[in-house]
There are 2 protein chains.
Amino acid sequence: MTKTLERREKLRSDLIQAAERMIAERGLAGLKTRDLAREIGCANGAVYNLVADVDELVLRVGSRTLRRLDDALSTAETGEPSPRETLVRIAIAYCDFAAENLQLWRALFEHRMETDKALPDWSVDDQLQLFRHIYKPLAALLPKRGAEELGITARSLFSAVHGMVALGLEQRLVAVPLPALRKEIAGLVRAMIDGLITREQAASPD
Amino acid sequence: MTKTLERREKLRSDLIQAAERMIAERGLAGLKTRDLAREIGCANGAVYNLVADVDELVLRVGSRTLRRLDDALSTAETGEPSPRETLVRIAIAYCDFAAENLQLWRALFEHRMETDKALPDWSVDDQLQLFRHIYKPLAALLPKRGAEELGITARSLFSAVHGMVALGLEQRLVAVPLPALRKEIAGLVRAMIDGLITREQAASPD
DNA sequence: ATATTTATTGAACTATGTTCAAGTTCTCGC
DNA sequence: GCGAGAACTTGAACATAGTTCAATAAATAT
């Protein structure tokens with residue numbers, strides 16, 4: 001009885017790993033059900049016994065990528081006493097992760113579900129976890145801010161770094177060499193933090 | 001003799017406009033050659049007499065979008081004496097443009113050419129123009145920096161704002177209401193600028 | 001007016017996600 | 001054990017798309 005269940009689970013796991021490998025090697029657009037089926041040794045149609053459609057598959061791969069990214073950021077935030085430098089390290093870690101997992105990281109943002117098909121909950125949850133890395137060090141630096149406001153600022157800071165990484169790693173424009181990009185990010189993160197602190201202490205001079 | 005040439009040019013122009021409308025309404029993935037052909041009144045295959053392939057079509061639409069974006073940013077930078085507030089206004093203008101032209105703006109970044117097919121020059125040129133809006137006000141604020149360094153910082157600042165807009169307008173995560181997003185962007189841009197100025201005046205305390 | 005060049009057509013080709021009727025394998029009551 | 005019924009797997013077939021190209025039509029030159 002459990003025999004086919006086990007087999008299914010094994011196959012499903014193989015499928016997701018194969019999809020991950022394929023995206024990493026050929027990009028999101030290079031993911032093909034027939035190639036996947038061949039790799040895991042089943043019929044093309046059998047893929048749809050394991051996942052509902054390719055959207056789900058991409059989301060499952062994304063979930064794994066987000067978990068690894070989360071781990072990378074967790075590592076970056078340990079053992080650094082200064083909250084300011086912790087934030088810098090997290091930003092650099094984000095940049096490094098994106099560079100080392102370029103296609104998988106891009107897939108997180110490139111993928112679009114067909115209109116109005118909602119994301120499953122388990123996928124949404126993953127994503128919201130990312131901001132939490134920034135929250136604690138930021139709270140230490142901006143003691144006057146409330147939880148709500150801090151959450152928003154954390155999100156903004158994350159987004160700003162994301163933008164620098166996204167455009168910095170884009171091949172189309174002048175590609176920035178990675179060391180230069182890391183330096184730029186560190187500089188702008190420090191500037192943002194300093195600016196936020198200054199503006200918190202002063203009465204927000206617009 | 002010029003008869004068919006004229007007709008072709010007219011058709012090509014119609015095609016690009018139809019593609020623009022289609023992307024704006026249905027997103028980049030909703031662009032279909034057969035629908036385009038029907039709209040401009042020619043055979044499906046005739047599309048390939050007007051452009052080499054859909055890649056070129058998307059790029060041509062992108063070129064128009066970039067031009068309109070450029071205009072919007074130009075408008076934002078006029079008539080504001082303070083360079084700092086000029087930068088804030090440019091950032092807000094970028095945000096507003098993205099919100100008002102969401103699908104077309106997204107298409108600029110979502111589109112990926114098939115591997116190793118290079119962008120045509122006319123397309124690359126367009127994109128580099130965007131940073132130039134930021135350059136002048138930034139130069140006024142950071143007089144000690146050289147041209148090279150300023151260019152990099154301008155790019156970083158642009159990228160950071162881009163990231164805030166990109167993630168802020170993303171439906172998947174908690175969508176930020178537009179007014180809140182504008183406020184956030186204004187706040188973080190001011191913080192970045194203040195931080196950059198502070199760090200330029202001090203001896204860059206890392 | 002006719003021949004030659006050029007442009008346009010739409011059917012056909014390829015690739016790809018998805019479905020489903022038919023075949024196969026497995027399970028469970030006897 | 002074994003056979004009926006449930007569950008699973010298959011791969012051919014379908015729908016949709018981008019792209020090509022031989023055949024047709026139009027335009028131009030002689």
Side-chain angles (χ1 to χ4, degrees), chain A residues 1-16 18-23 25-62 107 110-117 120, chain B residues 1-16 18-23 25-62 107 110-117 120:
Chain A
M1 196 274 263
T2 64
K3 193 67 176 305
T4 72
L5 248 328
E6 266 173 29
R7 185 184 133 77
R8 255 174 102 96
E9 278 316 308
K10 167 76 164 61
L11 252 195
R12 195 207 303 282
S13 152
D14 285 357
L15 175 68
I16 294 167
E20 182 172 280
R21 217 176 322 130
M22 208 171 279
I23 294 175
E25 277 170 19
R26 325 195 308 206
L28 188 54
L31 191 69
K32 302 292 151 74
T33 57
R34 282 169 178 77
D35 291 348
L36 285 171
R38 195 163 346 100
E39 271 209 40
I40 66 174
C42 73
N44 175 28
V47 168
Y48 295 85
N49 300 331
L50 305 172
V51 290
D53 48 29
V54 278
D55 274 348
E56 183 189 332
L57 191 51
V58 172
L59 255 32
R60 296 223 176 262
V61 171
E110 275 178 19
H111 180 62
R112 286 256 172 289
M113 315 268 295
E114 56 221 283
T115 315
D116 79 344
K117 193 165 140 196
Chain B
M1 195 277 266
T2 65
K3 192 66 174 306
T4 73
L5 249 328
E6 264 172 32
R7 183 184 136 76
R8 257 172 100 96
E9 277 317 308
K10 168 76 164 60
L11 252 196
R12 195 206 305 278
S13 153
D14 285 356
L15 176 69
I16 293 167
E20 182 171 279
R21 220 175 321 130
M22 207 170 281
I23 292 175
E25 278 171 19
R26 325 196 308 206
L28 187 54
L31 191 70
K32 303 289 149 75
T33 58
R34 283 168 178 80
D35 292 346
L36 285 171
R38 193 162 348 99
E39 271 207 42
I40 67 175
C42 73
N44 174 28
V47 168
Y48 295 85
N49 299 332
L50 306 171
V51 289
D53 48 30
V54 277
D55 273 347
E56 183 188 331
L57 191 50
V58 172
L59 255 32
R60 296 224 177 262
V61 171
E110 276 179 16
H111 180 62
R112 285 257 171 290
M113 314 271 293
E114 55 221 290
T115 315
D116 80 342
K117 195 166 140 197

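Below, read A as the first sequence line, B as the second, and so on, with proteins coming before strands; counting in each chain starts at 1.
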Q: Check whether any side-chain N or O of B/Arg8 sits under 4.0 Å from OP1 or OP2 of C/dT8, and answer yes or no.
A: yes
Q) For B/Lys32 and C/dG17, what is the distance between atoms NZ and C1' respectively, to the nearest whole Å? A) 12 Å
Q) Which part of the nucleic acid does B/Leu31 contact within heavy-atom distance under 4.0 Å: base, sugar-phosphate only, or nothing? A) sugar-phosphate
Q) Quick one: side-chain hydrogen bond (donor to acceptor under 3.5 Å, both in side chains) partners of B/Asp14, sequence neighbours excluded? A) B/Lys10
Q.
Please report the distance, rounded to the nearest Å, between CE in A/Met22 and P in C/dT16.
A. 11 Å
Q: Any chance you could lay out the side chain to side chain contact (heavy atoms under 4.5 Å, CB included) test for B/Leu57 and B/Leu36, step after step, and finish with the verdict?
A: CA-CA 11 Å; B/Leu57 191 50; B/Leu36 285 171; 3.5 Å; yes
Q: Provide, to the nearest angstrom, the distance between the CG atom belonging to A/Leu57 and the P atom belonging to C/dT16.
A: 16 Å
**Q.** A/Asp53 CG to C/dT16 P, straight-line distance once rounded to whole Å
**A.** 18 Å
Q) Between atom CZ in A/Arg34 and atom C1' in D/dC14, what is the gap in whole Å? A) 11 Å
Q.
Among residues 37-45 of chain A, which ones have heavy-atom contacts with DNA chain C below 4.0 Å?
A. A/Asn44, A/Gly45
**Q.** Contacts of type salt bridge (Lys or Arg N to Asp or Glu O under 4.0 Å), residue A/Arg34, not counting sequence neighbours
**A.** none
**Q.** Interatomic distance where CG belongs to B/Leu36 and P belongs to C/dG10 [whole Å]
**A.** 17 Å
Q: Would you tell me if any nitrogen or oxygen in the side chain of A/Thr33 comes within less than 4.0 Å of OP1 or OP2 on C/dG17?
A: yes
Q | Out of D/dT10, C/dT18, D/dA17, whichever nucleotide has its closest atom nearest the side chain of A/Tyr48 | A | C/dT18
Q | Polar side-chain atom of A/Asp55 near backbone of A/Val58 as donor-acceptor pair, under 3.5 Å | A | no
**Q.** Interatomic distance where CG belongs to A/Leu11 and P belongs to D/dT10 [whole Å]
**A.** 8 Å
Without placing hydrogens or testing angles, list every side-chain donor-acceptor pair under 3.5 Å for residues 37-45 of chain A, not counting sequence neighbours.
unit_1	atom_1	unit_2	atom_2	d
A/Arg38	NH2	A/Asp35	OD1	3.0
A/Glu39	OE1	A/Arg21	NH1	2.8
A/Asn44	OD1	A/Thr33	OG1	3.2

Q) Just how far is it from atom CG of B/Leu59 to atom CD of B/Glu56, taken to the nearest 0.5 Å? A) 8.0 Å
(Q) Please report the distance, rounded to the nearest Å, between CG in A/Asn49 and C1' in D/dT10. (A) 9 Å
Q: Measure the spacing between CZ of B/Arg26 and NZ of B/Lys32 and express it to the nearest 0.5 Å.
A: 6.5 Å
